[in-house]
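Everything numeric in this text was worked out from a predicted model, so none of it was measured.
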Amino acid sequence: MSGPSICGLDCCGRCPRKDQCGGCVKTGGHPFGGSCIAARWVKEGGLEGFRRKKRELVEEFNSLGIENLHVEDLNLLNGFYVNLEYPLPGGQSAKFLGDNDVYLGNQVEIPGSDRCRGLVAGEEFLLVCEYGCGGEQPRILVYKKR
C-alpha cells in the first residue's frame, strides 16, 4: 500500500475535497468516512482482482442493451459528485448513493443530443441515468441489483 492510494491511482491529485478527506492510505480505504470500492477490492484480491472486477462491471454495463451506450473503462467517482437527486412519480425526489462513498463510473455523451448518460456502480448495483448539462433534469434509465 505504498504510493498515493491503495489502488495505485492518484485520486487525491484530482479531488477538490482532498483537504477534507484524510486520504485513502491514511483512512484505510475509507475516504470522507465512507467506503471506496477500489480500496475494498484491492484489499480482497490485489490489483489484479480489482482490475478483473472492473472489467466485469464494464461488461455488465455494455450488456444492458441501452442504445448508444458503450463504455471501455470506468473511473473512480466521489459520491458527492455523482449523487444526483432524481424526481420520483409522487412528486418527491431522492438520492440513491452515499455522498461519502467512492464508486466506479463514467459519462457517455448521447450522439446528437446535449444530454449525457451517467454510469455508476457499487458492489451491489448498477445505475444508468440520463441528464443535461451539470446534472440537470436527471432521469434513471436502469437501477439493477448485482
Side-chain angles (χ1 to χ4, degrees), residues 1-18 21-88 93-146:
M1 281 193 239
S2 63
S5 66
I6 292 171
C7 67
L9 300 174
D10 183 19
C11 304
C12 295
R14 296 186 307 262
C15 181
R17 293 178 57 197
K18 63 184 171 187
C21 167
C24 185
V25 173
K26 183 178 177 183
T27 64
H30 296 280
F32 307 106
S35 65
C36 174
I37 192 170
R40 180 169 176 161
W41 285 353
V42 169
K43 286 178 182 181
E44 290 175 359
L47 284 175
E48 187 49 44
F50 166 66
R51 289 183 191 114
R52 179 180 41 78
K53 287 186 175 207
K54 191 167 133 176
R55 283 191 304 271
E56 290 170 4
L57 283 175
V58 167
E59 290 172 15
E60 285 182 59
F61 276 120
N62 288 335
S63 71
L64 291 174
I66 299 172
E67 185 179 354
N68 295 316
L69 178 68
H70 180 80
V71 65
E72 295 290 328
D73 197 10
L74 298 171
N75 306 300
L76 290 172
L77 302 170
N78 292 323
F80 63 82
Y81 184 72
V82 296
N83 195 11
L84 301 178
E85 194 165 327
Y86 299 97
L88 300 176
S93 57
K95 292 183 173 190
F96 293 91
L97 307 176
D99 284 343
N100 293 332
D101 292 335
V102 179
Y103 301 93
L104 283 166
N106 209 330
Q107 177 175 283
V108 177
E109 293 182 13
I110 300 172
S113 174
D114 62 349
R115 293 179 64 80
C116 293
R117 294 210 173 99
L119 293 72
V120 179
E123 291 187 69
E124 299 177 358
F125 71 90
L126 298 178
L127 172 66
V128 180
C129 65
E130 183 179 301
Y131 50 83
C133 183
E136 294 294 320
Q137 299 176 323
R139 180 172 68 100
I140 294 175
L141 300 177
V142 173
Y143 184 87
K144 179 182 175 185
K145 289 267 206 194
R146 300 184 65 224

S.K.: Are R51 and E48 close enough that some pair of their side-chain heavy atoms sits under 4.5 Å apart?
M.R.: yes
S.K.: Supply the atom-to-atom distance R55 CZ to D73 CG, rounded to the nearest 0.5 angstrom.
M.R.: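 One finds 10.5 Å between CZ of R55 and CG of D73.
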S.K.: Run the side chain to side chain contact (heavy atoms under 4.5 Å, CB included) test on L57 and R146 for me, step by step, so that the C-alpha distance in whole Å, both residues' side-chain angles and the decisive distance to 0.1 Å come before the verdict.
M.R.: CA-CA 10 Å; L57 283 175; R146 300 184 65 224; 3.3 Å; yes
S.K.: Determine whether L74 and V58 make a side-chain contact, defined as any pair of heavy atoms from C-beta on separated by less than 4.5 Å.
M.R.: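 Yes, close enough: below the 4.5 Å cut-off.
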S.K.: Could you tell me the separation between the CD atom of E59 and the CD atom of E56, rounded to the nearest 0.5 Å?
M.R.: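 Taking CD in E59 and CD in E56, the distance rounds to 7.0 Å.
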S.K.: Below 4.5 Å, heavy atoms only, C-beta onward: do L119 and V108 meet side chain to side chain?
M.R.: yes
S.K.: For side chain to side chain contact (heavy atoms under 4.5 Å, CB included), just list the numbers for V128 and K144, CA-CA rounded to whole Å, side-chain angles, deciding distance to a tenth of an Å, and then say yes or no.
M.R.: CA-CA 9 Å; V128 180; K144 179 182 175 185; over 6 Å; no
S.K.: Closest approach of Q107 and Y131, non-hydrogen atoms and distance?
M.R.: OE1-OH, 2.7 Å
S.K.: Take L104 and K53 through the side chain to side chain contact (heavy atoms under 4.5 Å, CB included) test and state the conclusion after the steps.
M.R.: CA-CA 11 Å; L104 283 166; K53 287 186 175 207; over 6 Å; no
S.K.: Grab the two heavy atoms, one from G132 and one from R115, that are nearest each other, plus how far apart they are.
M.R.: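 Between these two residues, the closest heavy atoms are N-NH1, 3.3 Å.
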S.K.: Which residue in the set V71, V120, L127 passes side chain to side chain contact (heavy atoms under 4.5 Å, CB included) when paired with F61?
M.R.: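 Considering V71, V120, L127, a side chain to side chain contact (heavy atoms under 4.5 Å, CB included) with F61 is found only for V71.
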S.K.: Between CD of E123 and CH2 of W41, what distance do you get to the nearest 0.5 Å?
M.R.: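 Here the rounded value is 6.0 Å.
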S.K.: Around atom CD of E85, are there more than 12 heavy atoms from other residues, nucleotides or ligands closer than 6.0 Å?
M.R.: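 Count over threshold, so yes.
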S.K.: What are the two closest heavy atoms between N62 and H70, and how far apart are they?
M.R.: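 Shortest heavy-atom separation between N62 and H70 comes out as OD1-CA, 3.3 Å.
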S.K.: Hey, what do you get for CG (L141) to CG (L69), rounding to the nearest 0.5 Å?
M.R.: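 With rounding to 0.5 Å, CG (L141) is 8.5 Å from CG (L69).
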S.K.: Could you pull out the closest heavy-atom pair between I37 and A121, with the gap in Å?
M.R.: CD1-O, 4.0 Å
S.K.: Going from CD1 on I110 to CD on E130, what distance comes out if it is rounded to the nearest 0.5 angstrom?
M.R.: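 Result: 4.0 Å between the selected atoms.
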S.K.: Ignoring hydrogens, what is the shortest heavy-atom contact between F96 and N83? Give both atom names and the distance.
M.R.: N-OD1, 3.5 Å
S.K.: Restricting to non-hydrogen atoms, name the atom on L84 and the atom on C129 that form the minimum distance, rounded to 0.1 Å.
M.R.: CD1-SG, 4.3 Å
S.K.: Below 4.5 Å, heavy atoms only, C-beta onward: do N68 and R117 meet side chain to side chain?
M.R.: yes
